[in-house]
Novice: 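I'd like to ask you about the structure that follows.
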Amino acid sequence: MIPYAFNYRRAQSIAEAQSLLKGDAKLLAGGQTLVSAMKLRLAAPSDLIDISRLKELTFIRREGDALVIGAGTTHHEVATSATVEAAIPALKVMAEMIGDPAVRHKGTLGGSIANNDPAADYPAALVALGATVKTTAREIAAEDFFTGMFSTALDENEIVIHVSFPVPERAAYAKFRNPASRFALTGVFVSKTKSGPRVAVIGAGSNVFRVPAMEQALATNFTADAIKGITIDAGDLNSDIHASAEYRAHLVGVMAQRAVSSAS
Ligand SMILES: Cc1cc2nc3c(=O)[nH]c(=O)nc-3n(C[C@H](O)[C@H](O)[C@H](O)COP(=O)(O)OP(=O)(O)OC[C@H]3O[C@@H](n4cnc5c(N)ncnc54)[C@H](O)[C@@H]3O)c2cc1C
C-alpha cells in the first residue's frame, strides 16, 4: 500500500471552486473516473474540490434553438429529462446507454468531456451536433475541445460550466458496447443540421473523429443506403484484446447505417 493523503473541500459556488483550484488540486464531479484513478495511484491530487452539489452547474434548459446542459448534470438526469427528449431525443438515448445505473446516477457531462476517454459517448454527441463548451474562461467549439486521447483544450484551472447543443433537424446514436465495461467498442452519432449532416465516431480511434465521405453522401440523400458502400481505413484505428482495427472499421459502417435509419 502506497501511503497517500489529500484534502477534501466542498465548493459552495463556481467562484469558490475556481479560487481553490490551484497547484495539484483537482475537481471532483461524479468521481466515476477520478476516484478509481486515485485508488490506482494514477492520479494523486493534493486537494479534491467537490463540485457535485453545485446547483449552478446542474440544469437542463431550452434556449431558443439550443439545448443547454450544465456540466454537473448527471447522465441519469439527461436520460430522464422531458426537455432533452423533446429537443434532442438522440441525446436521451445516448445517455441511457452510458455504463450502468450507478454510473449514470453519479457520472456527469462535465466529468465525461473533461476526461475525454476515447470510448466515452458524449464526445460523439458534442461533435456531431456542433456543440459549444462554455468554461470559466471562454467558449470552445466541440471540435477544438477534444484534442486527443484523454486530453482536451482545457487549461489546468479551467472549469466547464455548460454545453450548448444546437437542436438538429434529426439525429441518432448507435453504439456497439463492450459487454463487460459498457463503454463503446464503436459508437456513431449522426445529425442532420441546417448546415448539413455530421457523422462523429468514438471508440474506434484514439479520439473522436468525423467521416467526411459519409457526410457528403448524406447531404444529398439522408438514408442508410446512401452510406452503405463507404469504407473506413483501419490504418488509424485502435486494435486491442477487445477488437481488431478492421473489426472496428466494419462497425463504423454498420453503426452509421443503424443511426441514420433511426434518426428522428
Ligand atoms: C463501470 C463504468 C462504466 C462506464 N461506462 C461508460 C460508458 O458506457 N460511456 C461513457 O461515456 N462513460 C462511461 N463511464 C464514464 C462515466 O460515465 C463518467 O462520465 C466519467 O467517469 C467521468 O464523469 P464524472 O462526473 O464521474 O467525473 P470525475 O470522475 O469526478 O472527474 C473526471 C475528470 O474530469 C474533471 N472534471 C470534472 N468535472 C469538471 C468540470 N466541470 N470542469 C472541468 N473538469 C472537470 C475532474 O477533475 C477529473 O479530472 C463509465 C464509468 C465506469 C466507472
Side-chain angles (χ1 to χ4, degrees), residues 6 8-11 13-14 16-18 20-40 42-59 69-79 91 93-127 133-138 140 145-146 150-163 173-187 189 200 202-203 208 242:
F6 58 88
Y8 171 88
R9 297 288 299 270
R10 180 173 293 157
S13 65
I14 296 172
E16 190 189 6
Q18 186 71 88
L20 294 169
L21 195 55
K22 290 184 189 123
D24 291 334
K26 262 197 174 297
L27 298 172
L28 175 70
Q32 295 301 293
T33 294
L34 184 54
V35 172
S36 310
M38 289 170 66
K39 196 173 159 195
L40 295 168
L42 296 172
S46 58
D47 298 74
L48 277 188
I49 316 301
D50 188 344
I51 54 169
S52 64
R53 298 195 190 179
L54 289 185
K55 296 257 182 302
E56 290 171 276
L57 291 177
T58 311
F59 60 86
I69 304 182
T73 309
T74 64
H75 310 322
H76 172 76
E77 286 163 336
V78 171
L91 206 54
V93 171
M94 186 222 73
E96 278 170 350
M97 291 188 209
I98 296 176
D100 50 42
V103 170
R104 290 194 292 275
H105 276 269
K106 295 296 288 179
T108 66
L109 166 60
S112 177
I113 66 170
N115 192 47
N116 194 20
D117 188 311
D121 302 291
Y122 263 118
L126 267 72
V127 170
V133 180
K134 168 103 172 87
T135 75
T136 38
R138 56 197 165 135
I140 311 170
F145 184 85
F146 301 106
F150 294 109
S151 72
T152 70
L154 286 174
D155 287 332
E156 202 86 324
N157 300 330
E158 201 169 357
I159 302 175
V160 177
I161 295 177
H162 69 236
V163 177
Y173 181 58
K175 170 178 176 176
F176 193 90
R177 284 177 177 157
N178 177 326
S181 72
R182 319 273 174 89
F183 274 101
L185 266 187
T186 293
F189 204 110
I202 48 87
V208 57
H242 304 296

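The chain is numbered in sequence order, starting from 1. Each ligand, and each atom within it, is numbered from 1 in the order the structure gives. Since this is a predicted model, take the numbers as computed values, not measurements.
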Novice: When you measure from atom 41 (N) of ligand 1 to every protein heavy atom, which one gives the shortest distance, and what is it?
Specialist: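 Here the nearest protein heavy atom works out to V160 O, 3.1 Å.
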Novice: If you have a sec, work out which protein heavy atom is nearest atom 15 (C) of ligand 1 and how many Å separate them, to one decimal?
Specialist: F183 CZ, 3.7 Å
Novice: Between T73 (side chain only) and F59 (backbone N and O only), is there a donor and an acceptor less than 3.5 Å apart?
Specialist: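 Side chain of T73 to backbone of F59: a pair is present.
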Novice: Within ligand 1, which atoms have a heavy atom of A120 less than 4.0 Å away?
Specialist: 10 (C), 11 (O)
Novice: Are the side chains of L28 and Y8 in contact, using a 4.5 Å heavy-atom criterion?
Specialist: yes
Novice: So which heavy atom in the protein is nearest atom 36 (N) of ligand 1, and how far is it from that ligand atom?
Specialist: A114 CB, 3.9 Å
Novice: Less than 3.5 Å between some nitrogen or oxygen of A29 and one of ligand 1, yes or no?
Specialist: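 Yes; the residue has a nitrogen or oxygen that sits under 3.5 Å from a nitrogen or oxygen of the ligand.
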Novice: Check S112 against ligand 1 and report side chain, backbone, both or neither, counting heavy atoms closer than 4.0 Å.
Specialist: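 It is both parts that get close, each with some atom under 4.0 Å.
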Novice: Pick one of side chain, backbone, both or neither for how S181 approaches ligand 1, counting any non-hydrogen atom pair under 4.0 Å.
Specialist: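 The answer is the backbone.
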Novice: For G99, is at least one N or O under 3.5 Å away from an N or O on ligand 1?
Specialist: yes
Novice: Starting from atom 27 (O) of ligand 1, locate the nearest protein heavy atom and write down its residue, its atom name and how far away it is, to 0.1 Å.
Specialist: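 I find the closest protein heavy atom is G111 CA, 3.4 Å.
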Novice: Starting from atom 25 (O) of ligand 1, what is the nearest protein heavy atom, named by residue and atom, and what distance separates them?
Specialist: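 Ranking protein heavy atoms by distance from atom 25 (O) of ligand 1, first comes T108 OG1, 2.6 Å.
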Novice: Please list, in number order, the atoms of ligand 1 under 4.0 Å from a heavy atom of L27.
Specialist: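 Going through ligand 1 atom by atom, the ones under 4.0 Å from L27 are 39 (C), 40 (C), 42 (N), 43 (C), 44 (N), 45 (C), 46 (C), 47 (O).
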Novice: Could you report the tightest heavy-atom contact between K106 and Q32, atom names first, then the distance?
Specialist: CB-NE2, 3.4 Å
Novice: Closer than 3.5 angstrom, by distance alone: can the side chain of D117 be matched with the main-chain N or O of A119 as a donor-acceptor pair?
Specialist: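 It does hold such a pair.
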Novice: So if I count the atoms of ligand 1 from 1 in the order they appear, which ones are less than 4.0 Å from some heavy atom of E158?
Specialist: 43 (C)
Novice: Nearest protein heavy-atom contact for atom 18 (C) of ligand 1: which residue, which atom, what distance?
Specialist: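 Its nearest protein heavy-atom neighbour is H75 NE2, 3.7 Å.
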Novice: Is there a polar contact between ligand 1 and R182, counting only N or O atoms under 3.5 Å apart?
Specialist: yes
Novice: List ligand 1 atoms under 4.0 Å from G107, heavy atoms only on the residue side.
Specialist: 25 (O), 26 (O)
Novice: Out of all atoms in ligand 1, which are within 4.0 Å of some heavy atom of K175? Include the element for each.
Specialist: 7 (C), 8 (O), 9 (N)
Novice: Tell me the protein heavy atom at minimum distance from atom 21 (O) of ligand 1, and give that distance in Å.
Specialist: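 Result for atom 21 (O) of ligand 1: T33 OG1, 2.4 Å.
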Novice: With backbone taken as N, CA, C and O and side chain as the heavy atoms from C-beta onward, which portion of V103 lies under 4.0 Å from ligand 1: side chain, backbone, both, or neither?
Specialist: side chain
Novice: Using heavy atoms and a threshold below 4.0 Å, how should the contact between R177 and ligand 1 be classified: side chain, backbone, both, or neither?
Specialist: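 Neither part.
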Novice: Give yes if a backbone or side-chain nitrogen or oxygen of A119 is under 3.5 Å from a nitrogen or oxygen of ligand 1, and no if not.
Specialist: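 A119 vs ligand 1: no N/O contact under 3.5 Å.
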Novice: Is there at least one pair of N or O atoms, one from D121 and one from ligand 1, spaced under 3.5 Å apart?
Specialist: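 D121 vs ligand 1: N/O contact under 3.5 Å present.
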Novice: Give the contacting part of I51 toward ligand 1: side chain, backbone, both or neither, where contact means a heavy-atom distance below 4.0 Å.
Specialist: side chain
Novice: Angle class for the H76/H105 ring planes (parallel below 30°, perpendicular above 60°, tilted otherwise)?
Specialist: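 If you compare the ring of H76 with that of H105, the planes turn out parallel.
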Novice: List the closest protein heavy-atom neighbour of atom 28 (P) of ligand 1: residue, atom name, distance to the nearest 0.1 Å.
Specialist: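 Its nearest protein heavy-atom neighbour is G31 N, 3.4 Å.
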